[in-house]
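When a residue number appears, it is its place in the shown sequence, counting from 1.
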Amino acid sequence: MTEGRVTESNGCSLRRRIQYERGANEPPSIAAAMALAQYFGDDVTAASTQLYDYIDPDALDSLFAETNGGGTRAAGTVEFTIDDALVTIRPERVEVCPTS
């Protein structure tokens, strides 16, 4: 389904953290859904937490769209919380970690 790569670490104080490396042609909304499913231990197709309940997936994809002509992805960071998780989206990766 996707070509991204998930890295899970316990980090400081054994707090769970998911880092999802986006594939070259993968929209950030799909990468965020994959990372959230991994964080919450859900199957992405049947996840109990739906990304669109918290953020507009089309708007998110537009923020990180490649420049005209297929150039470099737009730079920047988007952060939002879902339940007890802080989601950080960057051009090349999505990170999910506990809020506290």
Query raised in the report: What are the two closest non-hydrogen atoms of Phe64 and Pro28, and how far apart are they?
Result: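 Nearest heavy atoms, Phe64 then Pro28: CB-CG, 3.8 Å.
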
Query raised in the report: Does Gly76 offer a backbone N or O that forms a donor-acceptor pair with the side chain of Arg90 under 3.5 Å?
Result: no

Query raised in the report: So, Asp56 side chain and Asp58 main chain: donor-acceptor pair closer than 3.5 Å or not?
Result: yes

Report summary line: Only residue of Leu63, Val87, Val94 satisfying side-chain contact (heavy atoms from CB on, under 4.5 Å) with Val78 is Leu63

Nearest-0.5 Å distance, [atom1] of residue [X] to [atom2] of residue [Y]:
X     : Y     : atom1 : atom2 : answer
Arg22 : Ile89 : CZ    : CD1   : 9.0 Å
Asp43 : Gln38 : CG    : CD    : 11.0 Å
Thr99 : Leu86 : OG1   : CG    : 7.5 Å
Ile18 : Met34 : CD1   : CE    : 11.5 Å

Pair [X]-[Y], side-chain donor/acceptor within less than 3.5 Å:
X     : Y     : value
Glu26 : Tyr20 : yes
Glu79 : Thr88 : yes
Ser29 : Asp61 : yes

Query raised in the report: Got a salt bridge between Glu21 and Arg93, using NZ or NE/NH1/NH2 to carboxylate O under 4.0 Å?
Result: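 The answer is yes: the pair qualifies as a salt bridge.
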
**Report entry** Leu51 side chain near Leu36 side chain, heavy-atom distance below 4.5 Å
**Finding:** yes

Query raised in the report: Tyr54 and Asp83: side-chain contact (heavy atoms from CB on, under 4.5 Å), yes or no, with the steps?
Result: CA-CA 10 Å; Tyr54 298 89; Asp83 299 331; 3.4 Å; yes

Query - same_hphob_cluster(Tyr52, Phe40) at 4.5 Å side-chain heavy-atom cutoff - result: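 Per the 4.5 Å side-chain linkage, Tyr52 and Phe40 are not co-clustered.
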
